[in-house]
Amino acid sequence: MSKKKGKFDLTHLVSAGYLKDGQKLLFVSDPSKFCVVTKQPNNEYKVTVGKETLTVHSFAQRCLGQEPPDHAAKWFRTEQGKTLFDIWHAEDAEKYAA
């Protein structure tokens, strides 16, 4: 079983430079479904779909038509092909390496 180093935090991934405000994220199973990382008035980041603001989890649930069977971060990727889950855990690996 893999170690979980912390809670998924989209705002932290943007603040740390792993993602950018305005970056497009694609649904893994159907890239025609996508969202955009967007800074909110409270300085947190969520995703927008059209004019609607959602959490990554809520958008995964909408795309799948059910509760995600695994972490919602596994269902979205950057245009370069890295999933949010991989980005999140790569950061953890860097922090806890050596």
Participant: Can you tell me how far NZ of Lys7 sits from NE2 of His12, rounded to the nearest 0.5 angstrom?
Facilitator: 14.0 Å

Participant: Would you give the length of the straight line joining atom OH of Tyr18 to atom CG of Asp86, rounded to the nearest 0.5 angstrom?
Facilitator: 13.0 Å

Participant: Could you walk me through whether Leu13 and Phe8 pass the side-chain contact (heavy atoms from CB on, under 4.5 Å) check?
Facilitator: CA-CA 9 Å; Leu13 293 179; Phe8 178 79; 3.7 Å; yes

Participant: Which pair of non-hydrogen atoms, one from Pro31 and one from Val28, has the smallest distance, and what is that distance?
Facilitator: CD-O, 4.4 Å

Participant: Any chance you could lay out the side-chain contact (heavy atoms from CB on, under 4.5 Å) test for Glu44 and Thr11, step after step, and finish with the verdict?
Facilitator: CA-CA 5 Å; Glu44 288 183 5; Thr11 299; 3.6 Å; yes

Participant: Just how far is it from atom OG1 of Thr48 to atom CG of Leu54, taken to the nearest 0.5 Å?
Facilitator: 8.5 Å

Participant: Can Gln61 and Glu67 be counted as having a side-chain donor-acceptor contact under 3.5 angstrom?
Facilitator: yes

Participant: Distance check, rounded to the nearest 0.5 Å: Leu10 atom CG versus Phe76 atom CZ?
Facilitator: 11.0 Å

Participant: Apply the test side-chain contact (heavy atoms from CB on, under 4.5 Å) to residues Leu26 and Glu79: give CA-CA distance (whole Å), side-chain angles for both, the deciding distance (0.1 Å), then the verdict.
Facilitator: CA-CA 7 Å; Leu26 308 169; Glu79 291 180 286; 4.1 Å; yes

Participant: Applying the 4.5 Å side-chain criterion to the ILVMFWY set and letting contacts propagate, would Val56 and Leu64 be lumped into a single cluster?
Facilitator: yes

Participant: For the residue pair Val47 and Thr55, what are the closest heavy atoms and their distance?
Facilitator: CG2-O, 4.0 Å

Participant: Near Phe34 CZ, under 6.0 Å, is it more than 12 heavy atoms from other residues, nucleotides or ligands?
Facilitator: no

Participant: Where do Thr78 and Gln23 come nearest, in terms of heavy atoms and distance?
Facilitator: CG2-NE2, 3.4 Å

Participant: Relative to each other, are the rings of Trp88 and Phe85 parallel, tilted or perpendicular (30° and 60° limits)?
Facilitator: perpendicular

Participant: Output, in order, the C-alpha distance, side-chain angles, deciding distance and verdict of side-chain contact (heavy atoms from CB on, under 4.5 Å) for Glu52 and Arg62.
Facilitator: CA-CA 12 Å; Glu52 194 172 8; Arg62 177 180 292 172; 2.9 Å; yes

Participant: If every non-hydrogen atom of Leu25 is compared with every non-hydrogen atom of Val37, which pair is closest and at what distance?
Facilitator: CD1-CG2, 3.6 Å

Participant: Between Asp9 and Ser15, is any pair of side-chain heavy atoms under 4.5 Å apart?
Facilitator: no

Participant: What pair of heavy atoms forms the shortest contact from Lys74 to Thr83, and how long is it?
Facilitator: O-CG2, 4.1 Å

Participant: Which heavy atom of Lys33 sits nearest to which heavy atom of Cys63, and what is that distance?
Facilitator: NZ-O, 3.4 Å

Participant: Once rounded to the nearest 0.5 Å, what's the spacing between atom CZ of Phe59 and atom CH2 of Trp75?
Facilitator: 13.0 Å

